[in-house]
Number of protein chains: 2
Amino acid sequence: MTDLKISSKNNKINLSEVAKAAGVSKMTASRVLREEGGYSEKTRVKVMAEVERLGYLPNRIATVFAGDKNTTFVGVSIPDLGNEVFTHVLEGIDRKLVSFNHQTVLGMTQHALAEEETWIETVLSWKPAGLILTGRAHTPKAVQLLQSANVPLVEIWDLNSSPIDMCVGLNHFDSGYDMGRFLLSKGYTRFGYVGTSHDAANAATSRLNGYAKAIEDGGGKLSKQLCLNDIPGFYPGFYGTEQLLSSDPDVEVIFFQNDNMAVGAVHFCQAQHISIPGDIGIAGWGELPIASVLPYRLTTVQVNHLRIGQLAAENLLLKISGDQATPVSDVGFRLVTGETV
Amino acid sequence: MTDLKISSKNNKINLSEVAKAAGVSKMTASRVLREEGGYSEKTRVKVMAEVERLGYLPNRIATVFAGDKNTTFVGVSIPDLGNEVFTHVLEGIDRKLVSFNHQTVLGMTQHALAEEETWIETVLSWKPAGLILTGRAHTPKAVQLLQSANVPLVEIWDLNSSPIDMCVGLNHFDSGYDMGRFLLSKGYTRFGYVGTSHDAANAATSRLNGYAKAIEDGGGKLSKQLCLNDIPGFYPGFYGTEQLLSSDPDVEVIFFQNDNMAVGAVHFCQAQHISIPGDIGIAGWGELPIASVLPYRLTTVQVNHLRIGQLAAENLLLKISGDQATPVSDVGFRLVTGETV
DNA sequence: TTGAAAGCGGTACCAA
DNA sequence: TTGGTACCGCTTTCAA
């Protein structure tokens, strides 16, 4: 009566065991477990009782295999967990996925396209329900893998008018351009930029390019731009500012890759008794949590990171279930004029 | 010659197709792909050429199924991505796992044991190679599932002398106790605490308990403790301080759940012209990145979050590959005396 | 060095 | 409402 192990070597209970114990066929037990209908209430009760008693855990690998289906995994690649903006995006994604019974398989690509390619190949071999990739740049082989895998895919972060499948993000170039134009309107003429290193296809580079273009269009001068080999965090903002100002003391305003770097800059200036915005203007990007406790409103660009994640997951789930999904979603941005320029 | 689709309906190429194209049996192709040996170089070249030409992607679901093995997935549950300490831990875990060809399946439990239980059941049904869970508290059913699944498991964050399987973390109670004792030694007598809401089994609660015990042992008074219903970030630190001080203005020093909250407090004090540590002492926990740019050294507890993740993953991988692993690893902590008390 | 056959744990499809 | 059978794509086992 209480013999838990019945036959298989490693005492794992499978459907056959449950069916046998309940005195029905494998198929009937299968139907009950999938709540497919087509069985009597008496049968259902019998089967479920055995499931409970034996502690049966379905083997989803077998289910996927048998049905030639996909798993409920969604591969999500982000460049870096140390960069706060991406953790917010990831949170938005995972929350949404979980509420629709899907699971996030994490991929940290470390900003390297080659890493991404390897990861894509691995994840695809596990038959994921879908993929969410950060960034629009991929290796040719990765693109080919994605296309032939024919799995729902959302490229997030930077907007892309012709995505491989779908795309959710914002126009980073424009956000940089708007910031540049705004700073010009405040009367600045010598501009600086501090970010972290990245390849040319990067969204932060698009922001820098937009910023540079606005400055050029407005007759200003982008006199110094710095790309540190670091994550875009508080301390890199601190020492990046030091570096930039020591190599070009005439810069009047600095645009940072994100708010955390800008806050690092604010602290550097405080330590050096450089007044903001009197001596120098500071602008961030992304409206990160730290901005909420500063004594003055940081000039920045507000972006709804969580929303990007949610929308990406939503569209992906629509496509997974065979519904119509939006190919390109622009979540937009909003310039926060602030008090630091 | 160039007919890519050979037989199966959705033009997915499988091992049989490759084998047929290469003029060998399925088994030989299988051996080549697994680099198992027992085939001629000529055969190897033939098979690999077809793999390349047909763009064959192995179906790992089938592999796992056939071999009655586990996947290379490792389920990693953390309470919350909005809490910076856990993103660092997660980063440490994923980096290590990836370098050993394993993938992280994320589980955000939102600090709810019931969520964790559901997630554990789901993840186990996918036959993971192992599991890493944050926290030592689980529902009885979760514990039973974990035990009968017999999958390598590491419980991280809080130390647990008798873990279900393995455990990596630090003694949170002690870290709180040490902080309390240190603050007593600085002459404080009326103590406060600000954290976020959580169940009794939480590590932050252990820190609070240690803190309270030290204060009691030293004859001080924990006059006010606040548990906000929020994430432990900058802004909750800001308004939590406001709340605490308005309800008990006599508090002399406040211990926060983490550095980000403490920094929020610092900003509140600055805004209110409350001098630190003259009017009030501030202590954080965790040594988070923001601390590196403050104008003075924050009194805090240094914890190597990344290391916890790495160690957890290392031990898990050891056990997965059948090697000896350390059951309990204490990564320790270090009190940073700082200048804010 | 190679291949044929069985089977992993489910589901689809048919028949009863 | 139920059960039998074939089969998903690969690996294990054994024979050649």
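Proteins come first, then strands; the chains are lettered A, B, ... in the order of their sequence lines, and each starts at number 1.
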According to salt bridge (Lys or Arg N to Asp or Glu O under 4.0 Å), does anything in residues 105-133 of chain B pair up with another residue at least two apart or in another chain? List the pairs.
B:Glu121-B:Lys141
Do B:Tyr56 and B:Leu15 come close enough that some side-chain heavy atom pair is under 4.5 Å?
yes
One would report the end-axis bend of the helix from C:dT1-D:dA16 to C:dA16-D:dT1, five pairs per end and rounded to 10 degrees, as 30°
Filter on salt bridge (Lys or Arg N to Asp or Glu O under 4.0 Å), then keep only pairs touching residues 36-45 of chain A, sequence neighbours left out; what's left?
A:Arg31-A:Glu36, A:Arg34-A:Glu36, A:Glu41-A:Arg44
Rounded to the nearest angstrom, tell me the gap between atom CD1 in A:Ile13 and atom C1' in C:dC8.
16 Å
Which residues, if any, of residues 26-39 of chain B bring a heavy atom under 4.0 Å of DNA chain D?
B:Lys26, B:Met27, B:Ser30, B:Arg31, B:Arg34
For A:Ser25 and A:Thr28, which I'm curious about, is there any donor-acceptor pair between the side chains at under 3.5 Å?
yes
Between D:dT11 (P) and B:Phe65 (CZ): distance, integer Å
13 Å
Please check the phosphate of C:dA4 (OP1 and OP2 only) for any side-chain N or O of B:Ser25 closer than 4.0 Å.
no
Find the distance A:Lys127:NZ to D:dC10:C1' and express it as a whole number of Å.
12 Å
What integer distance in Å separates B:Asp68:CG from C:dG7:C1'?
11 Å
A:Leu57 CG - C:dG10 P separation (whole Å):
10 Å
Can you tell me how far P of D:dT12 sits from CG of B:Leu15, to the nearest Å?
13 Å
Here the ring pair (Phe, Tyr, Trp, His ring centres under 6.0 Å) pairs for residues 61-80 of chain A, sequence neighbours left out, are A:Phe65-B:Phe65, A:Phe73-B:Phe73, A:Phe73-B:Trp126
With respect to the phosphate group of C:dG9, does any side-chain polar atom (N or O) of A:Asn59 fall under 4.0 Å of OP1 or OP2?
no
Given side chain to side chain contact (heavy atoms under 4.5 Å, CB included), test B:Val105 with A:Val105 step by step and report yes or no.
CA-CA 4 Å; B:Val105 174; A:Val105 175; 4.0 Å; yes
Within this structure, what is the CD1-to-P distance between A:Ile61 and D:dC10, rounded to whole angstrom?
14 Å
Which pairs pass salt bridge (Lys or Arg N to Asp or Glu O under 4.0 Å) with one or both residues in residues 86-98 of chain B, sequence neighbours excluded?
B:Glu91-B:Arg95, B:Lys96-B:Glu314
Residue-phosphate contact under 4.0 Å: A:Tyr56 side-chain N/O, C:dG10 OP1/OP2:
yes
Check the phosphate of C:dT2 against B:Thr43, side-chain N and O only, distance under 4.0 Å to OP1 or OP2. Yes or no?
yes
Students often get this wrong, so: under 4.0 angstrom with heavy atoms, is B:Val24 touching a base, only sugar-phosphate, or nothing?
sugar-phosphate
Residue pair B:Met108 / B:Leu81, side-chain heavy-atom distance below 4.5 Å
yes
Which nucleotide in the list D:dG9, C:dT2, D:dG3 gets nearest to the side chain of B:Ser40?
C:dT2
Could you state the NZ-C1' distance from B:Lys69 to D:dT12, rounded to the nearest angstrom?
9 Å
Below 4.5 Å, heavy atoms only, C-beta onward: do B:Val51 and B:Val47 meet side chain to side chain?
yes
